[in-house]
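Structure first, commentary second.
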Protein chains: 2
Amino acid sequence: MNYIEQLKAHALKVTPQRMAILEEIEAAGHIDVDHLYEILRMNFPSISLATVYKNVNQMYELQILEAIKVPNHKLQYEITKAPHIHLACDSCGSVMDMQQCIGELIDSAESESGYRLNHSTVVLNGLCPSCQKKSA
Amino acid sequence: MNYIEQLKAHALKVTPQRMAILEEIEAAGHIDVDHLYEILRMNFPSISLATVYKNVNQMYELQILEAIKVPNHKLQYEITKAPHIHLACDSCGSVMDMQQCIGELIDSAESESGYRLNHSTVVLNGLCPSCQKKSA
DNA sequence: TAACTAAACAATAAAAATTATTATTTAAGT
DNA sequence: ACTTAAATAATAATTTTTATTGTTTAGTTA
């Protein structure tokens, strides 16, 4: 995926900070603003938390990013990909993707409701295999 | 649904505040903490915002409530019912329920992933019919 | 490549949202 | 009614998020 083109397509200037934000989110898979800020500071010691918030929110609104909420954990962001399912562990907070097509679900919901849909967030909560063992 | 029994089942005392919180959320369908607080103050002039936060979070963690995030809007809470689909309008922030069964989806995700799932949040974002007209 | 312009940046301050603390009150079981 | 553990209100503190302002930078134009 070409982030430069994607930013330009949304009339956002291609800055080193924005590129780094996107690259770090991609590398992490799923990450919250705080943690992202900590990582970015390694390469951009002067970056400000407000910049991270501003850009992440901006990209979220433009749907370059999407957000996943897990109880007791901060909002986690990821790069928007094809609609898919998130498996979230309530115990350790980890999020896993399942590349299963939910296009049919979206299509039927759209036609039944009259909504025009453009985006989906499917989060299934539970315990990951590893946390199941711990609590057993 | 009997809220008294539900609270007791989770070892939460049945207080007028808790009952009112549950009843108001049910009445509203979907509501954020701030708005809920404003409504509760009508009947409980002395209730504190912290009490609302504490109880809503508590009930959320116990899955008596669930939360829906819409961009640019605060977290909205609703009474946990059968797993269903939320349609959320990015423009006006309204949330609508669709009583469509997603049990199959959950079952297949569970068996494929090894996760033990107990809860689901499916949010499909877009524009509601009314906001489509406005922007057209 | 030098200069221009609009936008992004860092730093700071401010505002908003959330959580913690403590003394008082209340629910529910004896 | 009495007792005890828990919930509440009030307040303070913390955390998260947003706004502001002056400076810097990206991307364009000449």
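Numbers restart at 1 for each chain; the letters A, B, ... are given by sequence-line order, proteins then strands.
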Between which nucleotides of DNA chain C, read 5' to 3', does contact with chain B run, using atoms under 4.0 Å from its heavy atoms? C/dA17 to C/dA28
Kindly compute the distance separating CG (B/L49) from CG (B/D34), expressed to the nearest 0.5 Å. 6.5 Å
A/Q132 side chain to B/G114 backbone, donor-acceptor under 3.5 Å: yes
Walk along nucleotides 20-30 of chain D from 5' to 3' and tag each nucleotide B, S or - by protein heavy-atom contact under 4.0 Å, base first, then sugar-phosphate. ------BS---
Identify, with sequence neighbours excluded, every residue that meets ring-ring contact (aromatic ring centres under 6.0 Å, His included) alongside A/Y60. A/Y77
Tell me the interatomic distance from A/N57, atom CG, to D/dT16, atom P, rounded to whole angstroms. 14 Å
Would the number of heavy atoms belonging to other residues, nucleotides or ligands and lying under 6.0 Å from NE2 of B/H35 be above 12? no
Derivation and outcome, side-chain contact (heavy atoms from CB on, under 4.5 Å), residues A/M59 and A/L22: CA-CA 9 Å; A/M59 293 179 190; A/L22 287 165; 3.8 Å; yes
Pair B/K81, B/E66 - check side-chain contact (heavy atoms from CB on, under 4.5 Å), show working. CA-CA 9 Å; B/K81 288 162 288 195; B/E66 60 187 284; 5.7 Å; no
Distance in angstrom units between B/N55 CG and D/dA7 C1', rounded: 8 Å
Whether the side chain of A/T80 engages the backbone of A/Q63 through a donor-acceptor N/O pair (distance < 3.5 Å, no angle test) should be reported. yes
Taken to the nearest 0.5 Å, the spacing of B/Y3 OH from B/I79 CD1 works out to 3.5 Å
Atom OH of A/Y60 to atom P of D/dT17: distance rounded to whole Å? 12 Å
Is there a path from B/L75 to B/I64 through hydrophobic residues (I, L, V, M, F, W, Y) whose side chains come within less than 4.5 Å of each other? yes
Rounded to whole Å, how long is the line connecting atom OH of A/Y77 with atom C1' of D/dT16? 11 Å
Which residue lies toward the 5' end of DNA chain C, B/Y53 or A/F44, if each is placed at its nearest nucleotide? A/F44
Using modelled atom types only, decide if a donor and an acceptor are shared between the side chain of A/Q76 and the backbone of A/G93 within a distance under 3.5 Å. yes
How sharply is the helix from C/dT1-D/dA30 to C/dT30-D/dA1 bent, taking the axes over five pairs at either end and rounding to 10 degrees? 50°
Heavy-atom contacts under 4.0 Å between residues 17-27 of chain B and DNA chain D, which residues? B/Q17, B/R18
How many whole angstroms separate atom CG of B/L49 from atom P of D/dA10? 12 Å
Atom OH of B/Y37 to atom C1' of D/dT8: distance rounded to whole Å? 13 Å
One pair to check against side-chain contact (heavy atoms from CB on, under 4.5 Å): A/L127 and B/N118. What are the steps and the verdict? CA-CA 8 Å; A/L127 290 180; B/N118 58 44; 5.5 Å; no
Approximate separation, where rounding is to 0.5 Å, of A/I21 CD1 and A/N55 CG: 4.5 Å
By ring-ring contact (aromatic ring centres under 6.0 Å, His included), B/H86 pairs with (sequence neighbours left out) B/H84
